[in-house]
Enquirer: 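Please see the structure below; I have some questions.
Here is how names work: the chains are called A, B, and so on, in the same order as the sequence lines, proteins then strands, and each is numbered from 1.
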Amino acid sequence: MPELPEVETIRRELEKEVVGRKIKAVDITGRRTIRRQKPAEFQAGLVGAKITGSQRKGKYLLMPLDNGSVLVVHLRMSGQLLRAAAKEPKPKHTHVVLDFTQGGQLRFVDPRTFGEMFLATPDEITSEIEELSTLGVDPVETPMSWVDFGHLLRSKNMKLKAFLTDQSMIAGIGNIYSDEILFDAGLRFDRETSSLTTQEIRRLYRSLVEILHEACKYNGSTLADAQYVDIFGKAGTYQEHHQVYDRDKQPCRRCRRGDIQKTKFATRSTFYCEVCQV
DNA sequence: CGATCTACCTGATGGC
DNA sequence: TGCCATCAGGTAGATC
């Protein structure tokens, strides 16, 4: 579910709400959330530790601890991190609860159970764990020049949507934002990376940066099923600014001549305007 | 190597 | 109402 802007919203909030807090207890009730290591090991690595930072790499959240290891969280499709008071009733599908010595909890809630949490050392993150060490540049965290972006794009021969959502190229873009970026850039999802002119590359990169920043500003997108909410349970509002995602059969807001089309690209729903995107 | 599909789950929705 | 099929923001792994 959450892509870069949603994870970034959560990261910012964690910075204010949990950084500096010390973990008093860890309660693991979910069967699948802690799956890279033994639950007892995960628990032992957290209890007594203080969270010293809140970082993001693509769709991964990284919370360094004062004992040298890093708490890594990936929300996948339906994961949520929720700040709550201990006495508040736990929502269904609460799998992991961190209790802080200063009071309050951070809960990991995840109906579809695809999300996960684990502890790793900084070394493992940068060189051993495949998905993390091979992650591409995060375009919000580490901006690059559009020229470098062009080199990256030209180094591959693939369709634009596949390129944008490939986490080893650019980290953090998923199904919603790839469609929004491509619409903004006026490019079709199935254009070949090698077919772009210099001007189109520049336009694509500008759209990519702009759409992601705008979405962060509006705290991400919350769709009808309200799966994505921030740590206070609050929805994002960027969906109000979507030009194509989830707008099939509705008139295109730019050209006002065609309707937004919905199709499939590599099994994923894909939205675009046949008039504006070439 | 890339492209494509499946599996991993629960829950919401829409058709009949 | 209910039953059943389909779909959902992600990604690793298998297969061709």
Enquirer: Is any side-chain N or O of A:Gln167 closer than 4.0 Å to OP1 or OP2 of C:dT11?
Expert: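 Yes, because at least one side-chain N or O of A:Gln167 sits under 4.0 Å from OP1 or OP2 of C:dT11.
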Enquirer: Is a donor from one side chain sitting under 3.5 angstrom from an acceptor on the other, for A:Thr113 and A:His95?
Expert: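 No, A:His95 and A:Thr113 have no side-chain donor paired with an acceptor closer than 3.5 Å.
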Enquirer: Would you kindly say whether A:Thr9 and A:Asp230 are connected by a side-chain donor-acceptor distance under 3.5 Å?
Expert: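 Distance-only check fails for A:Thr9 and A:Asp230.
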Enquirer: OP1 or OP2 of C:dG10 less than 4.0 angstrom from a side-chain nitrogen or oxygen of A:His74, does that happen here?
Expert: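 No, because none of the side-chain N or O atoms of A:His74 sits under 4.0 Å from OP1 or OP2 of C:dG10.
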Enquirer: Out of the candidates A:Phe271, A:Phe189, A:Tyr272, only one should pair with A:Tyr245 under the ring-ring contact (aromatic ring centres under 6.0 Å, His included) rule; please name it.
Expert: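 That would be A:Phe271; it is the only one of A:Phe271, A:Phe189, A:Tyr272 passing the ring-ring contact (aromatic ring centres under 6.0 Å, His included) with A:Tyr245.
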Enquirer: Are any side-chain N or O atoms of A:Glu180 and backbone N or O atoms of A:Gln243, one a donor and one an acceptor, separated by less than 3.5 Å?
Expert: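 Yes; at least one donor-acceptor contact below 3.5 Å.
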Enquirer: For A:Tyr177, which contact category applies under a 4.0 Å heavy-atom criterion: base, sugar-phosphate, or nothing?
Expert: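 A:Tyr177: no heavy atom of the nucleic acid under 4.0 Å.
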Enquirer: According to the 5.5 Å centroid and 30° plane-angle thresholds, does A:Phe114 stack upon the nucleobase of B:dC8?
Expert: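 Aromatic stack with B:dC8 present for A:Phe114.
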Enquirer: Between A:Phe149 and A:Phe163, what is the ring plane arrangement, given parallel below 30°, perpendicular above 60°, and tilted in between?
Expert: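 Taking A:Phe163 first and then A:Phe149, their aromatic rings stand perpendicular (interplane angle over 60°).
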Enquirer: A:Glu131 near the nucleic acid: base, sugar-phosphate alone, or nothing, with a heavy-atom cut-off under 4.0 Å?
Expert: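 Sugar-phosphate only.
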Enquirer: Need one value for A:Asp110: base, sugar-phosphate or nothing, where a base atom within 4.0 Å counts as base even if backbone is also close, heavy atoms only.
Expert: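 Contact class for A:Asp110: none.
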Enquirer: Starting at the 5' end of DNA chain C, which residue's closest nucleotide do you reach first, A:Arg36 or A:Tyr245?
Expert: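 Its nearest nucleotide lies further toward 5', so the answer is A:Tyr245.
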Enquirer: May I have the distance from A:Lys161 (atom NZ) to C:dT11 (atom P), rounded to whole angstrom?
Expert: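 Answer to the nearest Å: 13 Å.
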Enquirer: Give none if B:dA12 has no partner; otherwise give the nucleotide forming a Watson-Crick or G-U wobble pair with it, both distances under 3.5 Å.
Expert: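 C:dT6 is the nucleotide pairing with B:dA12.
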Enquirer: Does a side-chain N or O of A:Arg268 approach OP1 or OP2 of C:dG10 to a distance below 4.0 Å, or not?
Expert: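 Yes, such a contact exists.
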Enquirer: Does B:dC9 have OP1 or OP2 under 4.0 Å away from a side-chain N or O of A:His93?
Expert: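 Checking B:dC9 against A:His93, no side-chain N or O comes under 4.0 Å of OP1 or OP2.
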Enquirer: So A:Leu223, base contact, sugar-phosphate only, or nothing? Heavy-atom distance under 4.0 Å.
Expert: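 Touches a base.
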Enquirer: Separation of A:Met77 atom CE from C:dG10 atom P, in whole Å?
Expert: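 Those two atoms, CE and P, are 6 Å apart.
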Enquirer: In this structure, how many angstroms lie between the C1' atom of C:dT11 and the CZ atom of A:Arg76, rounded?
Expert: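 In whole Å, C:dT11 C1' and A:Arg76 CZ are 5 Å from each other.
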Enquirer: Distance check needed: C:dG10 P versus A:Asp179 CG, whole Å only.
Expert: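 Distance, rounded to whole Å: 10 Å.
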Enquirer: Would you say A:Lys156 reaches B:dC1's phosphate, i.e. side-chain N/O to OP1/OP2 under 4.0 Å?
Expert: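 Negative; the distance criterion is not met.
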Enquirer: Within the structure shown, what part of the strands sits under 4.0 Å from A:Ser221 by heavy-atom distance: base, sugar-phosphate, or nothing?
Expert: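 A:Ser221: base contact, heavy atoms under 4.0 Å.
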Enquirer: Any base atoms under 4.0 Å from A:Gln227, or only sugar-phosphate, or nothing? Heavy atoms, all strands.
Expert: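 Answer is base: heavy atoms of A:Gln227 come under 4.0 Å of a base.
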Enquirer: Choose from C:dA12, B:dG11, C:dG10 the nucleotide whose nearest atom is closest to any side-chain atom of A:Pro111.
Expert: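 Closest nucleotide among those given: B:dG11.
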Enquirer: Between A:Ala162 and A:Ala224, who's closer to the 5' end of DNA chain B by nearest nucleotide?
Expert: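 Looking at DNA chain B, the more 5' nearest nucleotide goes with A:Ala162.
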Enquirer: Is any side-chain N or O of A:Arg32 closer than 4.0 Å to OP1 or OP2 of B:dC9?
Expert: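 Yes, A:Arg32 has a side-chain N/O under 4.0 Å of OP1/OP2 on B:dC9.
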Enquirer: How many Å lie between CZ on A:Arg31 and P on B:dT10, as a whole number?
Expert: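 Between P of B:dT10 and CZ of A:Arg31: 12 Å.
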Enquirer: Between A:Glu116 and A:Arg36, is there a side-chain N and carboxylate O pair less than 4.0 Å apart?
Expert: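 Between A:Arg36 and A:Glu116 there is a salt bridge, with a charged N closer than 4.0 Å to a carboxylate O.
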Enquirer: Closer than 4.0 Å, any side-chain N/O of A:Lys92 to the OP1 or OP2 of B:dG11?
Expert: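 So the side-chain polar atoms of A:Lys92 do come within 4.0 Å of the phosphate oxygens OP1 or OP2 of B:dG11, strictly under.
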